[in-house]
Amino acid sequence: MTSSQETTSASPYALAAAAANRLRTLTGVARHDVALVLGSGWLPAVDALGTPRVEISSTELPGFAPASVEGHAGKVCSIAVGDVNLLVFLGRTHLYEGRGVSAVVHGVRTAAAAGCRAVILTNGCGGLRTEWEPGTAVLIKDHINLTAVSPIVGARFVDLTDVYTARLRELCREVQALDEGVYVQFPGPHYETPAEITMVRAMGGDLVGMSTALEAIAAREADMEVLGISLVTNAAAGMSGEPLDHEEVLAAGKAAAGRMGELLVKVVPRI
Ligand code: 8IG
């Protein structure tokens with residue numbers, strides 16, 4: 001099968017298996033242990049994790065498309081962090097790119113096929129609590145999926161009672177004291193209206209973004225443990241009196257990158 005046929009006709013799981021095989025060839029690593037997805041504002045944190053064995057453009061792997069959002073590099077690298085073979089995705093596919101929900105979770109499924117038993121999902125997001133200044137990292141304790149879709153097709157009733165496992169959250173809090181919050185995934189690409197933020201508050205949400213929940217669902221389907229960490233890069237719409245701006249997101253990430261890298265380098269070997 002040619003790689004273009006793979007991207008159009010294979011099942012999402014077969015496509016992920018093909019990507020994982022290609023990863024094995026390109027990295028020389030038979031099995032990765034933990035995956036890390038770096039979202040908006042998190043890319044500079046990769047430097048703290050050590051020198052990658054190899055850096056691969058994700059377009060070299062079946063099923064990945066070029067990155068389209070500034071701050072999302074579209075690269076995959078393999079890093080030895082202590083005894084852990086870490087697979088790092090520098091950037092992700094978002095639902096608003098229009099490639100469908102299976103493209104959104106392809107990285108997570110590839111990580112599962114590559115042997116990963118846990119995934120760390122990071123993102124930049126809006127915060128609903130005034131005490132969370134831009135640059136604050138918050139542990140995701142649960143999510144609300146407002147995209148109206150699921151990555152799972154067919155009657156597979158995946159349990160989501162402990163998606164962001166207590167074990168990994170505790171481990172993370174031993175490294176650094178962090179608040180926890182409920183992450184609400186919107187489809188985007190527009191930000192919320194102030195009325196939608198009022199709704200989010202009423203339904204128990206603390207963080208708003210355009211990623212993570214769908215990937216977490218796919219990870220649970222694949223029996224991986226999930227650790228979710230949000231970097232609050234802006235106050236949610238209507239809270240500050242200022243309009244939201246993607247440049248603000250990137251600037252907050254740059255400022256926080258050192259601290260985020262330190263956190264990850266301590267957490268990864270303990271997973
Ligand atoms: I960074 O305020 C970032 N991503 N939906 N809302 C949503 N996504 C975001 C936000 C935000 N900030």
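All of these numbers come straight from a predicted model, not from anything done at the bench. Order of listing sets the numbers, starting from 1, for every ligand and every atom in it.
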Exercise. Going by the atom numbers of ligand 1, which of them fall below 4.0 Å from some non-hydrogen atom of Glu192?
Worked result: 2 (O), 5 (N), 6 (N), 7 (C), 11 (C)

Problem set entry | Backbone N/O of Val88 and side chain of His32: donor-acceptor pair under 3.5 Å | no

Exercise. Any N or O on Tyr191 sitting closer than 3.5 Å to an N or O of ligand 1?
Worked result: no

Seminar exercise, completed: residues 146-190 vs ring-ring contact (aromatic ring centres under 6.0 Å, His included), sequence neighbours excluded, gives His143-Tyr164

Problem set entry | Asn234 contact mode with ligand 1 (heavy-atom cut-off under 4.0 Å) | side chain

Exercise. Counting from 1, what ligand 1 atoms have a heavy atom of Thr233 closer than 4.0 Å?
Worked result: 1 (I)

Exercise. Could you give all pairs that pass the salt bridge (charged side-chain N to carboxylate O under 4.0 Å, His left out) test and reach residues 180-206, with sequence neighbours left out?
Worked result: Arg129-Asp206, Arg169-Glu180, Arg173-Glu180

Exercise. Under 3.5 Å, is there a donor-acceptor pair between the Arg53 and Asn85 side chains?
Worked result: yes

Exercise. So, does Arg259 use its side chain to make a donor-acceptor pair with the main chain of Gly135 at under 3.5 Å?
Worked result: yes

Exercise. If you measure from each heavy atom of Cys125 to ligand 1, is any distance below 4.0 Å?
Worked result: yes

